Amino acid sequence: MNVLVINCGSSSLKYQLIDSETESVLAKGLCERIGIDGRLTYQKAGLDKEITDAPMPTHKEAIQLVLDALVNEKTGAIKDLSEVDAVGHRVVHGGEKFAASAVITDEMLSAVEECNELAPLHNPANLIGIHACQDLMPGVPMVGVFDTAFHQTMPPRAYLYGLPYEYYEKYKVRRYGFHGTSHSFVSKHMAEFLGIDINNSKLIVAHLGNGASISAVKDGKCIDTSMGLTPLEGLVMGTRSGDIDPAIIEFIANKEDLDIAGIMDVLNKKSGVQGISKLSSDFRDLEQGMNEGNELCKAAIEVFSYRVAKYIGSYVAALNGVDAIAFTAGIGENAPTVRKMVCSYLGYLGITLDEEANSHRGEDLVISTPDSKVKVCIIPTDEELAIARDTVALVG
Ligand code: ADP
């Protein structure tokens, strides 16, 4: 079965065409600057990337261009659109309505719309992508895969905030968590890779990318995660603050004469390692800066790693132990410095790092020594493949 995986943002759209039997990527790419001018990147497996400027007034034109590229006579990955058997859509927020992926129907879409106010930037864009695909590929079965679904198994003690309960009752203010597709994929894959019985396991997944979150997974089910009502909570991220004293909001609003929107912009876009380093949100720049003696780059990496280590400690408590810890996503898979710094706080768990293994990147690999009491590993995430698998499971 060929599954087209669509990840639709407000002005961009990422796609992959995946052959579900071999789990290979037949073609992939992205549309950027939708609603502005438009640029299509397309890459058939084994060929070079093609970048074309093409008008994309809406997501519909963008998806039409993707479909045209997929069946292009010279570089197309398929001959005819009838070879797209299903479409899997990433949907950011499923609220409390979706604890698993779901086949897209009118009723299902109304339920997604009801979650829009919980993710006002993301969910409407996801829905636009779904409607555009329905218009262009009528009759093709489609599935929505939610970033929040995997975390729906959290118990109330983990998802309730210390706020008036009526905010939960009236507005559903609670912890939801994000990156669920990745936490689910990586926790399952690490259990397989390490030969651990997932139904009797205590695992911690550190998804460290530009957005970053950690989850505690017991017997294959999420019991806690660091992101909250929105992706702003938890770890220090590329440009997001993560946890702060809530009173800082009023203090800085007064000092800098900012309104709520201004403060949210600072917390989402100007904070994190970017804010601390005054230089970059990218760990390649920060590592280079640190190696050249830039103290703020060093501070940013240290604050980032220390926060990860503290969350791991709290999740060891939540799980009452831990069998294995996985690092994943851009930083987790590629930054030995961060992994080493995080593990330097975990000696009390009997963790010892294999320095040589830790110098590798981007592959399934155990990076703790054979005598380490807890296994530490790198597990590359693959959210598109996870979406394709869920799609096949529901409509295959
Ligand atoms: P997201 O999906 O949230 O945009 P990714 O998981 O793609 O993020 O991670 C992107 C981040 O990974 C980059 O901003 C950078 O900080 C980090 N990264 C990528 N490659 C490397 C590398 N070779 N060394 C260190 N950090 C890296």
Side-chain angles (χ1 to χ4, degrees), residues 5-16 25 28-30 32 41 90 92 119 121-122 125-126 145 147-148 177-186 189 205-215 225-227 230-242 268-292 294 296-305 307-308 326-343 358-363 365 367 378-387:
V5 175
I6 300 277
N7 180 353
C8 207
S10 55
S11 68
S12 69
L13 179 159
K14 289 188 210 145
Y15 64 91
Q16 283 193 5
V25 177
K28 66 179 178 179
L30 77 157
E32 290 166 287
T41 304
R90 175 191 181 212
V92 168
L121 294 179
H122 293 102
N126 301 152
V145 179
D147 267 28
T148 49
F178 298 86
H179 295 139
T181 311
S182 177
H183 287 287
S184 165
F185 176 88
V186 171
H189 190 67
V205 177
H207 176 111
L208 310 179
N210 199 28
S213 66
I214 301 210
S215 64
T225 191
S226 59
M227 282 179 168
T230 75
L232 187 54
E233 194 183 346
L235 300 177
V236 175
M237 308 183 209
T239 62
R240 295 188 195 121
S241 64
N268 275 303
K269 300 194 184 134
K270 298 179 181 149
S271 299
V273 291
Q274 161 88 55
I276 296 173
S277 69
K278 297 186 178 181
L279 184 81
S280 172
S281 61
D282 193 306
F283 273 70
R284 286 163 286 204
D285 300 335
L286 298 177
E287 282 181 7
Q288 192 187 338
M290 181 170 81
N291 294 337
E292 288 166 358
N294 181 322
L296 290 183
C297 289
K298 184 168 175 243
I301 296 176
E302 284 180 350
V303 171
F304 178 91
S305 305
R307 179 74 58 88
V308 173
F327 286 96
T328 193
I331 300 160
E333 293 167 27
N334 294 300
T337 319
V338 170
R339 295 192 297 253
K340 186 176 171 183
M341 225 181 254
V342 171
C343 289
N358 187 45
S359 67
H360 292 248
R361 56 185 62 200
E363 54 181 315
L365 192 69
I367 57 169
I378 304 171
I379 302 285
T381 190
D382 193 339
E383 287 162 285
E384 286 78 15
L385 177 58
I387 292 173

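Because the structure is a prediction, the values reported are computed rather than measured. First listed ligand is number 1; within each ligand, the first listed atom is number 1. Worth knowing before you read on, the calculation uses all heavy atoms, side chains too, and leaves out hydrogens, waters and symmetry mates.
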Exercise for the section: With the side chain counted from C-beta on, respond yes when Gln16 and Leu385 share a heavy-atom pair under 4.5 Å apart, and no when they do not. Expected result: no
Practice task
Taking the side chain as every heavy atom from C-beta outward, state whether Ile367 and Arg339 have any pair of such atoms under 4.5 Å apart.
Solution key: yes
Problem - Residues in contact with ligand 1, criterion: heavy atom under 4.0 Å - result: Gly209, Asn210, Gly211, Ser281, Asp282, Phe283, Arg284, Ala329, Gly330, Ile331, Asn334, Ala335, Arg361
Completion exercise
Sorted by chain and residue number, the side chain to side chain contact (heavy atoms under 4.5 Å, CB included) partners of Met237 (sequence neighbours excluded) come out as Ala212, Met227, Arg240
Exercise for the section: Using only heavy-atom distances, determine whether the side chains of Ser241 and Ser271 contain a donor-acceptor pair under 3.5 Å. Expected result: no
Completion exercise
The salt bridge (charged side-chain N to carboxylate O under 4.0 Å, His left out) partners of Lys270 (sequence neighbours excluded) come to Asp265
Practice task
Could you pull out all residues at least two apart from His122 that satisfy side-chain hydrogen bond (donor to acceptor under 3.5 Å, both in side chains)?
Solution key: none
